[in-house]
Amino acid sequence: MIIDKAADVTPAVLAAMAATPDPRLREVTAALVRHLHAFVREVRPTEQEWEYGVEFLGRVGQANTATHNEGVLFSDALGVSTLVCLLNNGDDGATETAAALLGPFWRDNSPRTPDGGSLVRSPTPGPRLFARCTVLSGGAPVADARVDVWHSSPTGMYENQDAAQAEMNLRGQFVTDAEGRFRFVSVKPAGYPVPTDGPTGDLLRAQRRHPFRPAHLHFLIHKPGYRTLITQVFVDDDEHLGSDVVFGVTRALVGGFRRGEGAAPDGGAGEWWSLDYTFHLEPGEARLPVPPIA
Ligand code: BEZ
Ligand code: FE
């Protein structure tokens, strides 16, 4: 089709893609073109602005490395990751869900750690945390589930961002026991700023947004026969619960951290915290995500 005017472009592109054999790809790409063209009609970017936008997306891709995933970060900061998560969980988004976004820091190969073992693999100052968790489905324990736990240090850095931490510090993989339980020892996580040295950081600054996430632990619970649960549990009193830069806080995920009184479970001195938490799995397809970093 020869284009005469702006109004001809959208139908020409849709017609060119109409014979895409894969029906889902056909549906997704047609919707993308319709919405993208509608966006351009609404915003009417100048040629200079469009050049900037395309160059910005290029910078997002170029910032990806084995230890940093700017693409995931960008999707998270726009709220798209949380929207996709909530629409795919909790009765197609209609009800509360215990799922949360994966984020850019999950690694697929964290060390297998015995029940009750520690995630602390290099000196990591901070209040000790004793976590006792249970995995249930329909009220019954889920035994032999794989549970990945990862979190930032009390200085707000993941080990892959921080040369001062040992490889795999504050990461571990557990297997639930016959009662669906797993326990671990760590340090209390702190809130932290997401990485702001790339294009996503440029956008946050331009929008006058702060870059903080409230303190949390990440969990990925995986067992064939159950939908893989990817979630986060947030520290109850964090100042950024209501303004998480990546919109990951839902009410279901706040709570369970308690400041310890008296002797710590390990008999050690100093401030300590406990976390008691129960996860609920739904029957379904178990699927591991593509690791955002190596
Ligand atoms: C995280 O919680 O690890 C995270 C999530 C989104 C963006 C950056 C970090
Ligand atoms: Fe995190």
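Both counts, for ligands and for their atoms, begin at 1 and track the order of listing. Only a predicted model underlies this, so the values are computations on that prediction, with no experimental measurement involved. Reckoned from all heavy atoms, side chains included, excluding hydrogens, waters and symmetry mates.
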For ligand 1, is Tyr158 a contact, meaning one of its heavy atoms is under 4.0 Å away? yes
Which ligand 1 atoms, with their elements, are less than 4.0 angstrom from a heavy-atom of [X]?
X: Val246; value: 6 (C), 7 (C)
X: Leu73; value: 7 (C), 8 (C)
X: His218; value: 1 (C), 2 (O), 3 (O)

Side chains of Thr134 and Glu179, heavy atoms from C-beta outward: is any pair under 4.5 Å? no
For ligand 1, indicate whether the residue Val72 contacts it via side chain, backbone, both or neither (heavy-atom separation under 4.0 Å). neither
Which option, Pro104, Pro214, Ala77, owns the non-hydrogen atom nearest atom 5 (C) of ligand 1? Pro104
Nearest non-hydrogen contact to atom 3 (O) of ligand 1 from the set Phe74, Tyr192, Phe247 belongs to Tyr192
Tell me whether [X] contacts the main-chain N or O of [Y] through its side chain, where contact means a donor paired with an acceptor under 3.5 Å.
X: Trp150; Y: Tyr158; result: no
X: Arg26; Y: Thr20; result: yes
X: His35; Y: Ala30; result: no
X: Glu70; Y: Thr200; result: yes

Aromatic ring pairing His240/His210, orientation class (parallel under 30°, perpendicular over 60°, tilted between): tilted
Counting backbone and side chain alike, does [X] bring an N/O/S atom below 2.8 Å of the Fe ion (ligand 2)?
X: Tyr158; answer: yes
X: His151; answer: no
X: Tyr192; answer: yes

Above 12 or not: heavy atoms from other molecules or residues under 6.0 Å from CZ of Arg132? no
How far is atom 6 (C) of ligand 1 from the closest protein heavy atom, and which atom is that? Asp76 OD2, 3.0 Å
Nearest-0.5 Å distance that lies between atom OG1 in Thr231 and atom CG in Leu220: 10.0 Å
